[in-house]
Protein chains: 2
Amino acid sequence: MPDRSETPKVSQPAVRRFSLYYRTLLEAQGAGAVSISSRELAERTGVTGVQVRKDLSLIGSLGKRGLGYPIPALMRELGRILGLDRRWPVVLVGVGSLGTALLNNVRFRRKGFPIVAAFDIDAVKIGVPVGGTPIYHLDLLPHVVRQQEAWIGIITCSADAAQLVCDRMVEAGLQAILTYAPVTLEVPPGVSVRQVDTLVELETLSFVLRPGRELSEDVDRPVG
Amino acid sequence: MPDRSETPKVSQPAVRRFSLYYRTLLEAQGAGAVSISSRELAERTGVTGVQVRKDLSLIGSLGKRGLGYPIPALMRELGRILGLDRRWPVVLVGVGSLGTALLNNVRFRRKGFPIVAAFDIDAVKIGVPVGGTPIYHLDLLPHVVRQQEAWIGIITCSADAAQLVCDRMVEAGLQAILTYAPVTLEVPPGVSVRQVDTLVELETLSFVLRPGRELSEDVDRPVG
DNA sequence: GGCTGTGAAGACCTTCACAGCC
DNA sequence: GGCTGTGAAGGTCTTCACAGCC
C-alpha cells in the first residue's frame with residue numbers, strides 16, 4: 001500500500017527535536033536571520049549537527065549546501081508536520097496550584113495552545129476566572145469540549161481523581177491527554193497520553209548522582 | 001577492565017521504568033502484598049510483561065518462577081540502584097506560580113527529595129516561607145547548598161534568567177538540575193540536566209492529532 | 001499451569017564516512 | 001572552505017521464542 005500521506009515517518013524522539021528546532025527557528029527569525037546552519041541549530045538545541053541534518057533531510061532537501069537552511073520554508077514544513085498550522089484549544093481539569101500555574105502562563109496561548117476553559121468540582125473555585133480563563137464545574141466538560149472543538153486535555157488534579165477525570169475526558173471526546181498526576185492512566189486505543197512526573201525526573205537525577213558511578217558524564221537532554 | 005560496580009548498566013528508558021516499578025511496588029506493599037508478578041507490574045505501569053522481566057533480570061534473579069517477585073527484596077534493590085536509599089535535599093530557584101506549586105507539593109519531601117530552600121531576587125518574596133520552605137535571596141545559594149549538602153537544583157524562573165541561574169547553581173556545586181524553563185541550558189561536563197517543557201509535550205500531542213495520520217494509535221507513555 | 005530468565009532476532013535510532021553542491 | 005545529504009555501519013532498546021523452575 002503506497003503512503004499517500006505527505007508527512008514522512010518521524011520517530012517520537014525526532015518529534016521532540018522538531019519542536020526544539022521550531023522554537024529556535026522562531027528565535028532566529030525574530031533576530032532577523034533568514035537562514036541557519038545545522039551547526040547553529042545543533043548548538044542551540046543541544047543535539048549533534050549530523051542529527052539535525054538527518055532529521056531535516058526527512059522533510060525534503062530544503063538546505064542549500066554552503067549556506068544552510070532557509071528559515072521561512074523550514075518553519076513552514078516543521079509547523080505543518082508538528083500540526084502547528086492551526087490553533088489547538090486546550091481544556092484543563094484541576095485548578096490547584098499546578099493548574100493555576102499553567103493557567104497563568106501566557107506562553108501556551110501565544111504558541112497556539114490556548115487553555116480555553118478549566119474545570120474543578122470545588123464550588124469555591126468555580127466561577128472565578130484564573131489568568132483570564134473561566135472555571136466551570138466538571139459536569140460541563142462535554143459541552144465545552146464540543147462547543148470549543150477541543151481535542152487536548154490537561155490533567156492537574158490529584159492522583160486519586162486522575163483516572164476518573166481521564167475517563168470523563170475520553171467520554172467527552174478528547175483524543176490527547178497531558179497528565180501531571182503520578183498514576184498510569186488507562187485509555188482506549190486512539191487516545192494519546194503524555195505524562196509529566198517531577199518525582200520520576202528527580203529519581204532519574206538521583207540515579208546519576210548515586211555513589212558508585214565511575215565517572216560523571218553528561219546525561220542527554222531530553223525535553224522532558 | 002572488570003566492572004567493580006555493584007550496579008548493572010541500566011539505560012535511560014530503563015531508569016524511568018524502574019522509577020515506575022518502585023512506585024507500584026510501594027503501592028502493592030501498602031496493600032499488604034508480599035510478592036508480585038511481572039504481568040501485574042506491567043499492567044500497572046503501562047509497559048509489557050516481557051519488558052518488565054527483562055528489566056528486572058538485569059538486577060539479578062530475584063523472581064521465583066510460578067510465584068513472581070518478592071516485593072521487599074525487589075524494592076531494596078531498585079531503591080539502591082535509583083539512589084533512593086538516602087535523602088536528597090533539593091533547592092529551587094524562582095518562586096513564581098510554578099515554583100510555588102512545587103513548594104506546596106508535599107510528595108517530594110515524603111519521597112526523599114525535600115525542597116530545603118528556595119531562592120528569588122524579588123524582595124517581596126524573600127523571607128516569606130512557602131509551603132514551609134524558607135525563601136532566600138539568590139546570593140545565599142552557595143552558602144545554603146554547602147550547608148544543606150544539596151546536589152539537586154530545580155529551576156522555575158523565567159526563560160530569560162534560566163541560563164544565569166543555571167550558571168550560579170553549577171558554581172554553587174550542584175551536579176544535577178531539573179529545569180522547567182524553555183531554553184536549552186549549557187552546563188560543564190559532569191553536570192546532568194533534565195528539562196520539562198509543557199509546550200513541547202503539547203506539540204507532541206498536536207503531532208499525533210494532526211490530520212493526515214492514517215490511523216489513531218496509542219502513543220507510548222513515557223514518564224515525562 | 002503459571003511464571004521467570006535469557007540468547008537471538010528484530011526494530012529503531014544515531015553516528016560515521018564521504019559524496020555532492022554553492 | 002563551508003555546508004548539506006545519505007547509504008552504511010554501529011549501537012541501543014525491545015520483542016520473540018523457548019528453556020527452566022515451582
Side-chain angles (χ1 to χ4, degrees), chain A residues 8-21 24-25 28 33-71 73-74 77-78 204 207 217-223, chain B residues 3 8-21 24-25 28 33-71 73-74 77-78 81 204 207 217-223:
Chain A
K9 204 174 63 182
V10 35
S11 65
Q12 274 282 328
V15 174
R16 311 184 83 82
R17 291 194 299 269
F18 279 3
S19 179
L20 290 183
Y21 300 156
T24 305
L25 290 170
V34 68
S35 78
I36 193 168
S37 70
S38 61
R39 191 176 50 72
E40 182 167 2
L41 215 35
E43 280 172 3
R44 291 175 59 173
T45 53
V47 306
T48 69
V50 198
Q51 183 75 75
V52 172
R53 292 201 297 280
K54 195 71 165 183
D55 284 342
L56 297 187
S57 78
L58 278 185
I59 66 180
S61 301
L62 291 175
K64 302 292 177 212
R65 297 164 199 233
L67 291 171
Y69 298 84
I71 292 182
L74 192 49
E77 275 310 298
L78 282 178
T204 299
F207 169 79
E217 46 181 314
D218 272 273
V219 82
D220 55 336
R221 222 165 293 172
V223 187
Chain B
D3 189 351
K9 203 172 64 181
V10 34
S11 65
Q12 275 281 328
V15 173
R16 309 183 86 82
R17 291 194 301 267
F18 279 4
S19 180
L20 289 183
Y21 300 157
T24 305
L25 291 170
V34 68
S35 79
I36 194 169
S37 70
S38 62
R39 191 177 48 73
E40 182 168 1
L41 216 34
E43 279 172 5
R44 293 174 59 173
T45 53
V47 306
T48 69
V50 199
Q51 183 76 75
V52 172
R53 292 201 298 279
K54 195 71 164 181
D55 283 344
L56 297 187
S57 78
L58 279 184
I59 67 178
S61 301
L62 290 175
K64 302 294 176 210
R65 296 165 200 232
L67 291 173
Y69 298 84
I71 293 182
L74 193 49
E77 275 311 299
L78 282 178
I81 290 174
T204 299
F207 169 79
E217 46 182 315
D218 273 272
V219 82
D220 54 336
R221 224 166 289 172
V223 187

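In the text below, chain A, chain B and the rest are named by the order of the sequence lines, each starting its count at 1. Any value given below was found using the heavy atoms of this structure, including those in side chains, with hydrogens, waters and symmetry copies removed.
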Between A:Pro13 and A:Leu67, which residue's closest nucleotide on DNA chain C lies nearer the 5′ terminus?
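Closest to the 5' end, via its nearest nucleotide, is A:Pro13.
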Go nucleotide by nucleotide along DNA chain C from the 5' end; which of A:Thr48 and A:Lys64 gets its closest nucleotide reached first?
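Looking at DNA chain C, the more 5' nearest nucleotide goes with A:Thr48.
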With heavy atoms under 4.0 Å as the rule, sort A:Gly63 into base, sugar-phosphate or nothing.
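Answer is sugar-phosphate: A:Gly63 comes under 4.0 Å of backbone atoms only.
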Mind checking if A:Leu62 touches a base, just sugar-phosphate, or nothing, with heavy atoms under 4.0 Å?
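Sugar-phosphate, no base atom in range.
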Could you name each residue pair satisfying salt bridge (charged side-chain N to carboxylate O under 4.0 Å, His left out) that touches residues 33-51 of chain A, not counting sequence neighbours?
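Listed by first then second residue: A:Glu27-A:Arg44, A:Arg39-A:Glu43, A:Glu40-A:Arg44.
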Can you run down the salt bridge (charged side-chain N to carboxylate O under 4.0 Å, His left out) pairs that involve residues 45-65 of chain B, sequence neighbours left out, and say none if there aren't any?
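Sorted pair list: B:Arg17-B:Asp55.
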With sequence neighbours excluded, tell me which residues meet side-chain hydrogen bond (donor to acceptor under 3.5 Å, both in side chains) with B:Tyr69.
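So B:Tyr69 forms no side-chain hydrogen bond (donor to acceptor under 3.5 Å, both in side chains) with any residue.
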B:Gln12 CD to C:dT14 C1': how many Å, rounded?
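Checked: the CD to C1' distance equals 15 Å.
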With sequence neighbours left out, what residues match A:Ser11 under side-chain contact (heavy atoms from CB on, under 4.5 Å)?
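side-chain contact (heavy atoms from CB on, under 4.5 Å) list for A:Ser11, sorted by chain: A:Pro13, A:Ala14.
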Hey, could you give me the [atom1]/[atom2] distance between [X] and [Y], rounded to the nearest 0.5 Å?
{"X": "A:Leu67", "Y": "A:Ile36", "atom1": "CG", "atom2": "CD1", "value": "13.5 Å"}
{"X": "B:Leu41", "Y": "B:Ile71", "atom1": "CG", "atom2": "CD1", "value": "8.5 Å"}
{"X": "B:Ile81", "Y": "B:Ile59", "atom1": "CD1", "atom2": "CD1", "value": "5.0 Å"}
{"X": "B:Leu74", "Y": "B:Phe18", "atom1": "CG", "atom2": "CZ", "value": "9.0 Å"}

First and last nucleotide of DNA chain D, 5' to 3', lying under 4.0 Å from heavy atoms of chain A:
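On DNA chain D, the outermost contacted nucleotides are D:dG2 to D:dA8.
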Counting only side-chain N and O atoms of A:Gln51, is one of them less than 4.0 Å from OP1 or OP2 of C:dC13?
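No, outside the criterion.
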Where DNA chain D forms stems, i.e. three or more consecutive Watson-Crick or G-U pairs with both distances under 3.5 Å:
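Consecutive-pair runs (3 or more) involving DNA chain D: C:1-22 with D:1-22.
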